> 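Here you go, one structure.
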Protein chains: 2
Amino acid sequence: MLSLHQLRCFLTTYETGSLTAAAEELGYAQPSVSEQIRALEKSLGVQLFRRVGRGVVPTTVADELRPHAERTLAAAEEARKAVQAVKQFETGTIRFGMFGQARLYAGAQLVADVLARYPGVRVELIGANSADVFEQLRRGRLEAAIIAVTGVASEGMAITPVAKDELVYISADPAHLTLPVTAHRLALSTLVMYETTWRANDSIRTIMRNLLHETGRNPPTRIEVEDVESAIELVGLGLADSVVPKGAAMQLLPRLAPNAGWVSLRPKQYDTFAIVHRADATLSPAARLMIELATARIQEIAEPINPR
Amino acid sequence: MLSLHQLRCFLTTYETGSLTAAAEELGYAQPSVSEQIRALEKSLGVQLFRRVGRGVVPTTVADELRPHAERTLAAAEEARKAVQAVKQFETGTIRFGMFGQARLYAGAQLVADVLARYPGVRVELIGANSADVFEQLRRGRLEAAIIAVTGVASEGMAITPVAKDELVYISADPAHLTLPVTAHRLALSTLVMYETTWRANDSIRTIMRNLLHETGRNPPTRIEVEDVESAIELVGLGLADSVVPKGAAMQLLPRLAPNAGWVSLRPKQYDTFAIVHRADATLSPAARLMIELATARIQEIAEPINPR
DNA sequence: GGAAAGCATAGGAACATCCTAGGGAAAGCC
DNA sequence: GGCTTTCCCTAGGATGTTCCTATGCTTTCC
């Protein structure tokens with residue numbers, strides 16, 4: 001079976017015109033190179049060098065083989081280099097999961113952070129929805145992710161909370177914002193909620209359900225939309241109120257609903273952001289990098305949770 | 001150390017998405033493939049597949065490596081194919097030595113024979129002069145040759161005579177052609193000789209020296225030129241007579257000296273054509289082919305010598 | 001909950017690699 | 001012409017790889 005080692009010995013011998021010189025250059029003993037050449041000749045079924053007196057002379061078959069051997073070795077070297085480049089984040093792709101509010105207000109920043117540090121890499125920020133992210137983590141397609149923690153089954157997953165963001169009540173009606181909103185007040189309000197498609201696994205809805213449980217009511221949702229921006233615009237139009245993470249409120253209210261304001265819930269409720277990955281996984285440098293940067297970004301916006 | 005085998009295992013695993021399937025396809029047991037992948041990962045210092053439940057999932061590094069692995073394996077395959085093609089005379093170069101009259105009137109035919117049979121090959125017919133051919137044979141640069149046998153030192157060389165060509169006396173003066181030319185007559189004539197540069201090793205001169213030895217004279221050479229064509233033209237102009245192999249006379253006289261004719265020497269003298277190669281060499285198929293074809297061509301023109 | 005699928009580990013046989021030591025032939029040097 | 005050097009080969013043996021079978025463990029699927 002043809003091997004790179006044989007081709008390397010062949011090429012060096014061809015170039016130096018001598019087995020001894022080739023062995024010298026490659027750092028082997030002369031009989032080792034001799035053996036490799038013989039093995040190559042045997043496996044190809046042709047003579048590559050004529051042994052003539054002292055020294056060896058390449059045959060025309062060797063002339064023919066040489067450029068191919070060079071190409072093959074160059075390709076192998078390219079392969080090695082490509083991997084090393086990826087290893088040092090000079091190139092390649094970094095894939096990371098990010099779902100929900102986390103992506104909404106830290107995604108672009110996070111990508112910018114990575115690109116600033118490693119201009120050569122491609123970044124894939126995966127996360128159509130929470131369940132999907134979990135599924136991809138479970139299947140190994142995603143190595144790690146940062147998500148808003150929900151009730152999604154998490155066996156086999158290591159979940160490390162890194163920050164929490166207060167959920168605030170937003171409204172265009174100043175009368176709704178005079179006091180912190182209790183569960184009872186919440187139950188009486190008219191709400192617009194978002195990320196409709198994934199509501200079953202949505203962390204905010206889960207929190208609200210728990211909060212309203214004592215009142216015996218369901219969340220009084222009047223409007224369901226897909227994106228939080230639309231929800232906030234609707235709040236700005238005075239059609240409904242909503243509950244959003246404080247970070248999102250700070251960032252989006254001035255732009256999308258300048259006449260609206262916010263107030264805390266009572267008791268205060270928090271959306272928790274956590275790093276998630278398979279419990280059994282050893283994280284790659286790329287994943288560790290993303291976790292570090294993502295954590296830093298999230299903790300700038302939301303309140304850090306320092307793991308014990 | 002990176003190996004083709006590892007790359008092959010890697011690629012097949014990448015494509016099938018499973019070590020078991022890859023092993024199946026490659027005809028190995030599953031642990032063998034597993035071991036190769038692990039060795040490759042270790043030598044590159046990166047993880048190529050995440051082992052997740054049942055099955056393996058390629059990492060982004062594997063995505064990056066894949067095209068390079070493909071290129072490397074393709075290049076190796078190209079190398080193997082190129083050599084096989086040469087082996088079957090589909091391509092490559094056939095180098096053969098041919099000196100003196102042999103080349104003069106069988107060279108082009110021989111090349112044509114080879115090209116007719118193997119249209120893809122390149123043919124190199126080497127032979128500036130006899131000593132050079134011998135030197136190249138000795139140094140292994142030439143594998144075999146067909147030459148006019150001379151007094152050149154031939155130790156270590158296997159010499160197989162295949163044909164002899166009568167040396168004839170040519171002249172434009174019909175009076176010189178009435179009877180076979182004896183040594184004495186030869187000593188009294190005015191000659192033009194050719195291949196001046198190599199006269200020391202020239203077979204015809206050697207023969208003539210031996211012939212004239214009894215007369216105690218040297219060959220009566222009046223003119224020395226480099227090529228036999230010029231010599232024959234000079235004979236045609238009546239400036240001198242010459243001694244050439246009969247084959248050359250038959251081919252060149254009508255064209256270059258139509259008024260000239262030829263007559264035998266007495267006793268008849270012969271130039272011997274022989275296959276020469278290193279005594280210790282095992283001949284390649286290409287060399288055997290050339291020997292076969294060259295022998296056939298020479299024996300069409302000159303008188304065959306059948307080796308016992 | 002049990003069967004099937006798929007990877008890992010372990011142990012051992014076969015083979016490849018690489019070394020040192022020494023032989024023989026050609027080339028070069030008095 | 002003999003002597004030395006150079007260079008390849010062979011032989012034998014230590015070490016490392018490759019590849020196998022058998023088995024264990026985890027996940028997945030029914």
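Computed from a predicted structure; not experimentally measured. A note on names: the letters A, B, ... follow the listed sequences, proteins ahead of strands, and every chain is numbered from 1. All values below come from the heavy atoms of this structure, side chains included, with hydrogens, waters and symmetry mates left out.
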> Apply the test side chain to side chain contact (heavy atoms under 4.5 Å, CB included) to residues L137(A) and M157(A): give CA-CA distance (whole Å), side-chain angles for both, the deciding distance (0.1 Å), then the verdict.
CA-CA 9 Å; L137(A) 282 167; M157(A) 289 295 170; 3.7 Å; yes

> Give none if dG2(D) has no partner; otherwise give the nucleotide forming a Watson-Crick or G-U wobble pair with it, both distances under 3.5 Å.
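Because both required distances fall under 3.5 Å, dG2(D) counts as paired with dC29(C).
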
> Taking the side chain as C-beta and beyond, is there a heavy-atom pair between I305(B) and V162(B) under 4.5 Å?
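No. Closest side-chain heavy atoms not under 4.5 Å.
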
> In this structure, how many angstroms lie between the C1' atom of dA11(D) and the CZ atom of R38(A), rounded?
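So the two atoms are 12 Å apart, to the nearest Å.
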
> I need the CZ-P distance between F49(A) and dC8(D), as an integer number of Å.
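Nearest whole value for this atom pair: 10 Å.
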
> For V56(B) and E35(A), take the nucleotide of DNA chain C holding the closest heavy atom to each; which residue's nucleotide lies nearer the 5' end?
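Mapping each residue to its closest nucleotide by heavy atoms, the 5'-most match is V56(B).
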
> Rounded to the nearest angstrom, tell me the gap between atom NE2 in H5(A) and atom P in dT18(D).
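Atom NE2 in H5(A) sits about 13 Å away from atom P in dT18(D).
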
> Can you check the Y28(A) OH to dG16(D) C1' distance for me, whole Å?
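So the two atoms are 13 Å apart, to the nearest Å.
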
> In whole angstroms, how far is the P atom of dG16(D) from the NZ atom of K42(B)?
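Atom-to-atom, K42(B) to dG16(D), this comes out as 12 Å.
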
> Between D271(B) and I207(B), is there a side-chain heavy-atom distance shorter than 4.5 Å?
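With C-beta onward as the side chain, the pair touches.
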
> Separation of E24(A) atom CD from dC8(D) atom P, in whole Å?
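Atom-to-atom, E24(A) to dC8(D), this comes out as 12 Å.
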
> Using a 4.5 Å cut-off on heavy atoms from C-beta on, say whether the side chain of V276(B) contacts that of T160(B).
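Side chain of T160(B) against side chain of V276(B), heavy atoms only: no contact under 4.5 Å found.
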
> Does Q30(A) place a side-chain N or O at less than 4.0 Å from the phosphate oxygens OP1/OP2 of dC7(D)?
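For dC7(D), neither OP1 nor OP2 has a side-chain N or O of Q30(A) closer than 4.0 Å.
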
> Between A39(A) and T20(B), which has a closest nucleotide on DNA chain C that is more 5'?
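Checking each residue's closest nucleotide, the 5'-ward one belongs to T20(B).
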
> Under the criterion side chain to side chain contact (heavy atoms under 4.5 Å, CB included), I'd like the reasoning laid out for M290(A) against V114(A): C-alpha separation, chi angles, the key distance, then a yes or no.
CA-CA 8 Å; M290(A) 291 303 282; V114(A) 175; 3.5 Å; yes

> Identify whether any heavy atom of G140(B) sits under 4.0 Å from a base atom; if not, whether one sits that close to sugar-phosphate; answer base, sugar-phosphate or nothing.
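Here G140(B) touches no strand at all.
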
> Take the protein atom CZ of R50(A) and the nucleotide atom C1' of dC8(D), then report the distance between them rounded to whole Å.
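Spelled out: CZ on R50(A) to C1' on dC8(D) is 16 Å.
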
> Reckon R51(A) has a side-chain N or O less than 4.0 Å from the OP1 or OP2 of dC7(D)?
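No.
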
> On DNA chain C, which is the earliest and which the latest nucleotide, 5' to 3', with an atom closer than 4.0 Å to a heavy atom of chain A?
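Terminal contacting nucleotides, 5' to 3': dT17(C) to dG28(C).
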
> For the pair made of CZ in R278(A) and P in dT26(D), what is the distance, rounded to whole Å?
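R278(A) atom CZ is separated from dT26(D) atom P by 13 Å.
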
> Please determine whether a side-chain nitrogen or oxygen atom of S34(A) lies at a distance below 4.0 Å from atom OP1 or OP2 of dC9(D).
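Yes, because at least one side-chain N or O of S34(A) sits under 4.0 Å from OP1 or OP2 of dC9(D).
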
> Backbone N or O of G140(A) within a donor-acceptor pair of the R50(B) side chain at under 3.5 Å?
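Checking the backbone N and O of G140(A) against the side chain of R50(B), a donor-acceptor pair under 3.5 Å is found.
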
> Ring centres of F10(B) and H68(B) under 6.0 Å apart?
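Here the rings of H68(B) and F10(B) have centres that are no less than 6.0 Å from each other.
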
> Under 4.0 Å between any heavy atoms, over every strand shown, what does S32(B) touch: base, sugar-phosphate, or nothing? Just pick one.
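Answer is base: heavy atoms of S32(B) come under 4.0 Å of a base.
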
